[in-house]
K.L.:
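Can you read through this structure? Questions will come right after.
Computed from heavy atoms alone, side chains included, the values below leave out hydrogens, waters and symmetry copies. Ligands are counted one by one from 1 in listed order, and the atoms in each one are counted from 1 as well.
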Amino acid sequence: MPTSRTVLVTGAAGGIGTFLRELLPGHGHRLRLFDRRPVEGEPGAVTAELHDDKALRAAMAGVDAVVHLAGIPLEAPFEEILRSNIEGTYRLYEAARLEGVRRVVLASSNHAVGFTPVPAEGAPPVPVTTPHRPDTFYGLSKCFGEDLAALYWHRHGIESVCLRIGSCFRAPRSARMLATWLSPGDCARLAHAALTAEGVGHTVVYGSSANTRLWWDLSGARALGYEPLDDSEPYAAELLAAEDGGPRPGDAWLGGPFCTDSPPTLES
Ligand code: 15L
């Protein structure tokens with residue numbers, strides 16, 4: 001597998017898309033960009049819906065791999081999740097098949113297993129083989145994406161690395177994110193490993209930094225060559241002091257606020 005590749009990034013205008021636009025070229029990748037919104041400062045980016053087959057296939061022609069980030073990143077009514085995340089991901093894989101793309105790096109999420117209990121202190125981390133326990137329609141769409149990736153591997157030989165991303169922000173924003181944080185630099189290192197590792201077939205891994213308070217098992221990601229360099233711990237004192245009020249709703253589950261009666265939405 002060559003270490004420098006032409007990679008199509010969908011959802012390039014979003015939060016993680018913005019980090020990868022900044023950082024993946026430093027790992028030697030040439031990027032093509034795709035988003036339903038214009039990508040700031042990138043006049044060459046394709047502005048189109050995933051449902052525009054012609055635009056999607058044209059953007060994919062000749063690329064080595066796709067990093068698929070596009071979709072609704074939080075909870076939303078089922079019909080919206082169905083169109084953007086479920087149908088959108090299906091269309092992505094169909095276009096990849098028709099254009100002969102051999103590798104997809106898929107943004108899955110910890111919310112595919114959100115209703116998994118947070119491990120007790122000293123207990124083993126949550127393995128990647130833990131059963132799907134989506135916490136929202138959003139999480140359910142990520143379960144679908146992981147299974148769709150399996151179908152396209154077994155039936156069509158398209159390889160996928162599904163990244164169950166934790167919380168990818170410049171800095172952790174809550175006490176929960178001390179466990180789930182994925183720094184932008186580690187996100188790019190993880191995407192690079194997922195793009196370049198040999199023989200991944202259909203692989204699902206967790207995506208976090210090397211957090212002292214990590215809940216899940218990073219060994220699958222490390223086996224791809226991912227070496228996280230960041231840890232949320234320097235933020236701990238400040239974030240814990242800010243949340244001095246004790247446990248919050250959803251704290252018992254990996255999915256945290258997504259497991260409450262009011263999961264985060266684009267409007268909240
Ligand atoms: C996700 O999957 C969301 O896209 C993101 O906005 C964060 O909320 C993250 O999970 C998280 O669990 O913190």
Side-chain angles (χ1 to χ4, degrees), residues 9-20 35-37 67-77 80-81 84-86 88-89 105-119 125-126 128 130 132-146 149 161-184 186-187 190-191 194 204-209 211 213-218 221 228 230 232 235-236 239 242-243 248-268:
V9 179
T10 72
I16 297 180
T18 301
F19 296 147
L20 293 186
D35 202 294
R36 61 202 292 269
R37 298 166 290 171
V67 176
H68 180 46
L69 306 170
I72 299 171
L74 297 165
E75 182 58 322
E80 292 173 27
I81 293 284
S84 294
N85 294 20
I86 295 180
T89 303
V105 175
L106 184 68
S108 182
S109 167
N110 71 91
H111 299 291
V113 293
F115 271 123
T116 304
V118 166
V126 176
V128 82
T130 200
H132 278 167
R133 283 196 184 185
D135 52 27
T136 44
F137 293 134
Y138 165 70
L140 183 65
S141 75
K142 299 302 182 179
C143 297
F144 172 82
E146 291 184 6
V161 181
C162 306
L163 308 177
R164 280 187 193 157
I165 296 171
S167 311
C168 188
F169 299 102
R170 291 224 181 264
R173 298 176 169 182
S174 64
R176 171 179 173 271
M177 290 189 195
L178 294 172
T180 61
W181 186 51
L182 175 64
S183 73
D186 282 341
C187 182
L190 179 59
V204 180
V205 301
Y206 291 106
S208 284
S209 288
N211 302 321
R213 297 164 197 251
L214 190 68
W215 290 332
W216 42 65
D217 181 10
L218 282 188
D230 295 315
S232 60
Y235 300 93
L239 288 170
E243 287 185 25
R248 299 186 159 213
D251 267 1
W253 308 106
L254 295 188
F258 286 66
C259 296
T260 66
D261 290 343
S262 313
T265 64
L266 288 175
E267 288 76 41
S268 65

K.L.:
Identify the residue among Ser209, Ser183, Ser208 that makes a side chain to side chain donor-acceptor pair (under 3.5 Å) with Asp230.
P.N.:
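Of all the options given, the one that passes is Ser183.
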K.L.:
Once you measure the plane-to-plane angle for Tyr138 and His111, does it fall in the parallel (<30°), tilted (30-60°) or perpendicular (>60°) bin?
P.N.:
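If you compare the ring of Tyr138 with that of His111, the planes turn out tilted.
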K.L.:
State, to 0.1 Å, how close Leu106 and Glu146 come at their nearest heavy-atom pair, and which atoms those are.
P.N.:
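Taking Leu106 first and Glu146 second, the nearest heavy atoms are CD2-N, 4.1 Å.
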K.L.:
Taking only residues two or more places apart in sequence or in another chain, which ones pass side-chain hydrogen bond (donor to acceptor under 3.5 Å, both in side chains) with Tyr206?
P.N.:
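Arg164.
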K.L.:
Short list, please: which atoms of ligand 1 are under 4.0 Å from a heavy atom of Phe258?
P.N.:
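Checking each atom against Phe258, I get 8 (O).
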K.L.:
Please list, in number order, the atoms of ligand 1 under 4.0 Å from a heavy atom of Ser167.
P.N.:
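Numbered from 1, ligand 1 contributes 11 (C), 12 (O), 13 (O).
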K.L.:
Give me the nearest non-hydrogen protein atom to atom 12 (O) of ligand 1 as residue plus atom name, then the distance to 0.1 Å.
P.N.:
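For this ligand atom, the closest protein heavy atom is His111 NE2, 2.7 Å.
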K.L.:
What atoms in ligand 1 come closer than 4.0 Å to a heavy atom of Asn110?
P.N.:
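With Asn110 as reference, the close atoms of ligand 1 come out as 10 (O), 11 (C), 12 (O).
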K.L.:
Can Arg176 be said to touch ligand 1, with heavy atoms closer than 4.0 Å?
P.N.:
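Contact present.
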K.L.:
Within ligand 1, which atoms have a heavy atom of Leu74 less than 4.0 Å away?
P.N.:
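Those atoms are 6 (O).
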K.L.:
A side-chain contact here means heavy atoms from C-beta on lying under 4.5 Å apart; do Leu69 and Leu20 qualify?
P.N.:
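SC-SC contact between Leu69 and Leu20 confirmed.
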K.L.:
Geometry only, no angles: is Thr180 polar-contacting ligand 1 at N/O separations under 3.5 Å?
P.N.:
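No, since none of the N or O atoms of Thr180 sits under 3.5 Å from an N or O of ligand 1.
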K.L.:
Any donor-acceptor pair under 3.5 Å linking the side chain of Asp217 with the backbone of Pro125?
P.N.:
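No.
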K.L.:
Between Ser109, Gly166, Pro257, which one has a non-hydrogen atom sitting closest to atom 9 (C) of ligand 1?
P.N.:
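Checking each option, the heavy atom nearest atom 9 (C) of ligand 1 is found in Gly166.
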K.L.:
Can you confirm whether more than 12 heavy atoms, excluding those of Phe19, are under 6.0 Å from its CZ atom?
P.N.:
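For Phe19, atom CZ is crowded (more than 12 foreign heavy atoms under 6.0 Å).
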K.L.:
Between Pro73 and ligand 1, which part of the residue brings a heavy atom under 4.0 Å of the ligand: side chain, backbone, both or neither?
P.N.:
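Both the backbone and the side chain of Pro73 come within reach of ligand 1.
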K.L.:
Measure the distance from atom 2 (O) of ligand 1 to every protein heavy atom, then report the residue, atom name and distance (to 0.1 Å) of the closest one.
P.N.:
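The answer is Tyr138 OH, 2.6 Å.
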